[in-house]
Q: 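Please see the structure below; I have some questions.
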There are 4 protein chains.
Amino acid sequence: MSSEVFSSVDDTELVERRRQQVVAAATELYGQNGFHKTTVKEIAQLAGVSAGLIYSYVKSKEDVLFLVLQSVLESYAREIPKALEDVTDPVQRFCAAVRAYCKVVGARPDATLLAYRETKSLGAEQQAAIKQMELKTNQLLTRCIEDAIAAGYFRKINVELAAYRIVLLAHGWALKAWRFRQFTSLAEYTEEGLDLFLNAMLTPKGWAHCRGEKEQ
Amino acid sequence: MSSEVFSSVDDTELVERRRQQVVAAATELYGQNGFHKTTVKEIAQLAGVSAGLIYSYVKSKEDVLFLVLQSVLESYAREIPKALEDVTDPVQRFCAAVRAYCKVVGARPDATLLAYRETKSLGAEQQAAIKQMELKTNQLLTRCIEDAIAAGYFRKINVELAAYRIVLLAHGWALKAWRFRQFTSLAEYTEEGLDLFLNAMLTPKGWAHCRGEKEQ
Amino acid sequence: MSSEVFSSVDDTELVERRRQQVVAAATELYGQNGFHKTTVKEIAQLAGVSAGLIYSYVKSKEDVLFLVLQSVLESYAREIPKALEDVTDPVQRFCAAVRAYCKVVGARPDATLLAYRETKSLGAEQQAAIKQMELKTNQLLTRCIEDAIAAGYFRKINVELAAYRIVLLAHGWALKAWRFRQFTSLAEYTEEGLDLFLNAMLTPKGWAHCRGEKEQ
Amino acid sequence: MSSEVFSSVDDTELVERRRQQVVAAATELYGQNGFHKTTVKEIAQLAGVSAGLIYSYVKSKEDVLFLVLQSVLESYAREIPKALEDVTDPVQRFCAAVRAYCKVVGARPDATLLAYRETKSLGAEQQAAIKQMELKTNQLLTRCIEDAIAAGYFRKINVELAAYRIVLLAHGWALKAWRFRQFTSLAEYTEEGLDLFLNAMLTPKGWAHCRGEKEQ
DNA sequence: GATGAATGAGTGTTCATTCAT
DNA sequence: CATGAATGAACACTCATTCAT
């Protein structure tokens with residue numbers, strides 16, 4: 001994947017710091033007004049730098065969008081594994097992954113929306129890179145599901161499809177948060193969704209296992 | 001709703017015809033390149049009219065987007081009731097509604113995506129009008145669910161949340177069609193999703209009812 | 001002068017009638033919003049005809065302006081001689097001319113303003129034609145002045161310059177009517193202006209003559 | 001007056017310089033072809049800058065017109081007081097004011113014409129601001145006349161009306177310069193006009209005073 | 001490294017004018 | 001003669017990007 005964003009500045013640490021400033025500003029503005037309505041000058045102003053400076057750290061306005069979306073996807077890739085760190089039981093790992101995913105999405109629903117809304121504004125290559133990152137996130141879920149199947153706790157279902165249903169569960173909150181917030185909480189939404197899926201996925205052995213867990 | 005799009009031409013039939021031309025062209029282009037990257041001239045060219053003519057039937061480029069999204073939402077509001085016309089059994093009606101929704105979305109996944117991507121590009125008023133139409137579509141689903149609950153076939157769940165899960169099922173196909181198409185079909189996707197939800201919603205009485213239906 | 005406006009319609013009487021409709025509408029609109037801000041469609045609408053029809057009686061939007069200005073200038077050329085018809089005394093003729101000029105201007109100050117504001121919007125040829133008409137109007141005044149000089153009533157002054165001062169007296173009302181109306185009337189304005197000029201122009205013989213007139 | 005024109009550039013001196021460039025170019029072009037027929041690109045080209053740059057110093061094409069008219073009116077407000085600086089005698093001050101006014105108008109007759117022709121092309125607020133400036137110029141004249149009346153040199157006439165006659169004298173040169181230049185000079189035009197007004201305004205005491213001045 | 005003035009290509013929109021009906 | 005839908009050239013204005021300082 002050739003999707004490294006070019007910078008004319010060498011000092012890696014400075015590049016990082018500047019980009020963070022810019023990405024933070026851009027995320028807010030893109031979320032509010034969309035990619036196209038947001039001008040580079042607005043981003044620069046909110047980031048507290050000059051418009052010209054941005055082009056020392058990024059080759060185009062599109063690159064900024066790429067960095068923004070990258071940072072969103074990275075937060076997924078960071079948070080889910082973190083939530084799984086100390087969990088060993090396959091079913092518990094699955095549940096933890098789902099909860100973690102929903103939680104990251106819930107923390108910045110606008111960011112997730114942004115990914116849906118603006119990915120197409122990127123060039124083909126960067127679009128592909130973003131999709132690649134999404135697939136990697138999904139693999140975190142597929143692996144959990146596969147493990148639970150291997151352990152005999154989940155039925156032998158289409159793993160990738162199941163993973164996508166989870167993704168849609170999590171993203172669904174972001175997509176419809178404006179309405180959901182009016183009659184439910186993220187936690188409730190997540191647990192009910194989780195129930196739904198467990199219901200459909202657990203084998204009798206899986207059920208027994210779960211009950212055992214709870215009885216402990 | 002004050003969201004009628006203004007036309008300087010009076011002949012209703014002509015207005016309808018021209019708008020259809022323009023909306024068809026715009027849907028394709030907006031879907032391909034997004035609202036902002038698409039120029040009015042491109043739309044005009046694809047629609048086979050002059051750029052100026054568009055402004056006889058629409059007051060702004062934004063109006064064209066509104067018309068496009070409106071036509072998408074209208075197709076939902078048209079197709080779902082049609083699918084329910086001759087179905088009386090509450091559970092069957094629910095299933096028919098879900099299948100119909102998934103089918104309309106599947107017929108023009110780009111159009112559904114467009115609604116997600118570009119609704120924010122509209123002015124506040126038109127945005128509200130679109131959301132209103134979406135709510136109306138959802139009510140087609142809530143009514144089905146309520147009826148099934150009233151008949152004792154579905155458990156007493158949060159109706160609106162359930163409806164939204166269905167919406168996300170249907171829209172999910174559009175959102176991830178690029179991937180889904182690689183390993184499943186819309187029908188399979190729909191039926192499996194339906195199963196999932198029925199599993200979670202049916203009461204014992206509902207289950208018995210279903211089995212009876214099939215045995216007939 | 002090749003400044004005849006072309007019409008594709010032959011029936012002279014109809015041409016006249018239609019043009020009057022259009023000119024009336026255009027005068028109002030040009031006066032209100034200026035030539036450039038006024039659209040042909042607006043003129044057509046106010047005139048109660050279709051936009052296309054105008055082009056049967058006129059070759060361009062500019063032609064309409066020309067007709068409008070022509071009608072203004074013609075009203076000068078018509079009213080001043082009428083006011084002189086039964087007056088034979090040179091000084092009286094001069095006074096009658098001045099009063100008549102001020103009166104026509106006062107009747108449609110907007111129209112006079114229009115001539116100042118929009119003559120430059122015409123093509124060179126039509127601009128020249130309008131100036132020509134203005135010169136003709138001025139000659140009505142110069143002739144009066146010359147006659148009064150010949151009769152020994154006026155001093156031997158620069159006749160054309162004097163005529164222009166009168167023109168500016170009359171036009172001045174239109175140019176500053178928005179202010180003048182607040183503290184004087186057209187009649188007062190006219191008489192005081194006339195006094196001013198007579199003062200400067202009358203010979204002793206002229207003065208005696210005037211006094212004699214009044215004593216009669 | 002809320003009629004300050006906005007600039008996105010802060011450096012006051014640069015703003016001043018650029019605006020002067022633009023105003024100079026615009027004055028010429030507006031004078032030649034009128035406000036509406038002149039394109040922003042033409043102005044930019046003549047000013048030797050890019051079209052886009054203009055919008056760093058001005059918010060709209062209309063603002064350029066405002067700046068142009070403002071500069072005309074300012075030249076009046078600057079030159080007339082300057083001409084009065086070392087003159088103390090009321091009648092002399094009046095004469096100096098009239099001569100100064102005619103001279104500024106004569107220096108850029110096109111600019112004065114522009115004010116007549118294009119003030120209506122401004123928005124309501126800027127139109128009002130221009131009229132306000134015109135009133136201020138007029139007050140320079142009224143004050144002279146009032147002083148001469150107070151000193152017993154001028155008769156007790158309607159001061160504002162008299163001031164406007166002077167204004168029309170000065171503007172008259174601009175309005176009809178195309179003709180006047182063919183048979184007289186600005187100086188002659190001015191002096192004769194001044195005579196005319198003095199004739200009508202001076203009291204016997206004023207006459208005596210004048211003669212005295214000359215005899216000195 | 002940082003600034004922000006300058007560029008100029010690109011776009012939505014208007015409107016005089018034409019012409020099929 | 002009359003209509004008004006259709007055309008398309010023209011124009012104000014925006015904004016990503018560059019580069020001299």
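Sequence lines set the chain letters: A, B, ... in the order given, protein chains first and strands last, and positions in each chain run from 1.
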Q: Using side-chain contact (heavy atoms from CB on, under 4.5 Å) as the criterion, point out the one residue from D/Leu69, D/Ile54, D/Thr38 that pairs with D/Val64.
A: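 Output: one option passes, namely D/Ile54.
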Q: Can you list the stems that DNA chain F is part of, where a stem is at least 3 pairs in a row, each Watson-Crick or G-U, with both distances below 3.5 Å?
A: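 Stem segments, range with range: E:2-21 with F:2-21.
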Q: Rounding to an integer number of Å, can you tell me how far B/Leu14 CG sits from F/dT3 P?
A: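 Rounded to whole Å, this separation is 18 Å.
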Q: Relative to C/Tyr30, does C/Lys37 satisfy both conditions: NZ or CZ under 6.0 angstrom from the six-membered ring centre, and within 45 degrees of the ring's axis?
A: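 Cation-pi check for C/Lys37 and C/Tyr30: fails.
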Q: Scan side-chain atoms only and decide if B/Gln32 and B/Asp110 contain a donor-acceptor pair under the 3.5 Å cut-off.
A: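 Side chains of B/Gln32 and B/Asp110: no pair found under 3.5 Å.
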Q: Distances under 3.5 Å only, N/O to N/O: pair up the protein atoms with those of nucleotides 16-18 of chain F.
A:
residue: F/dA16; atom: OP1; partner: A/Lys61; partner atom: NZ; Å: 3.1
residue: F/dA16; atom: OP2; partner: A/Val40; partner atom: N; Å: 2.8
residue: F/dT17; atom: OP2; partner: A/Tyr55; partner atom: OH; Å: 2.7
residue: F/dT17; atom: OP2; partner: A/Lys61; partner atom: N; Å: 2.8

Q: Of the nucleotides E/dA6, F/dT7, E/dA2, which has the atom closest to the A/Leu53 side chain?
A: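 For the A/Leu53 side chain, the nearest candidate turns out to be E/dA2.
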Q: In whole angstrom, what separates B/Asp11's CG from F/dG4's P?
A: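 Computing the B/Asp11:CG to F/dG4:P distance gives 11 Å.
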Q: Rounded to the nearest Å, what distance is computed from the OH atom of residue C/Tyr57 to the C1' atom of nucleotide F/dA2?
A: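 In whole Å, F/dA2 C1' and C/Tyr57 OH are 8 Å from each other.
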Q: If you check every side-chain atom of C/Ser50, which of F/dA6, F/dG4, E/dA6 has the closest atom?
A: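 It is F/dG4.
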Q: Roughly how many Å is it from CZ in B/Arg19 to P in F/dA6, rounded to a whole number?
A: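 Roughly 13 Å, once rounded to whole Å.
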Q: Considering heavy-atom distances to DNA chain E, does D/Ser56 or A/Asp10 have its closest nucleotide positioned more toward the 5' end?
A: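 Looking at the nearest nucleotide for each, A/Asp10 comes out on the 5' side.
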Q: Determine the minimum heavy-atom distance between C/Thr112 and C/Val72, stating which atoms define it.
A: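 Residues C/Thr112 and C/Val72, closest heavy atoms: N-CG1, 4.4 Å.
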Q: Do A/Gln70 and A/Gln126 have side chains that approach each other closer than 4.5 Å (heavy atoms only, starting at C-beta)?
A: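 No, every pair of side-chain atoms sits at 4.5 Å or beyond.
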Q: Whole angstrom is fine here: how far is it from CD1 in D/Ile54 over to P in F/dC13?
A: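 Taking atom P of F/dC13 as the reference, CD1 of D/Ile54 is at 11 Å.
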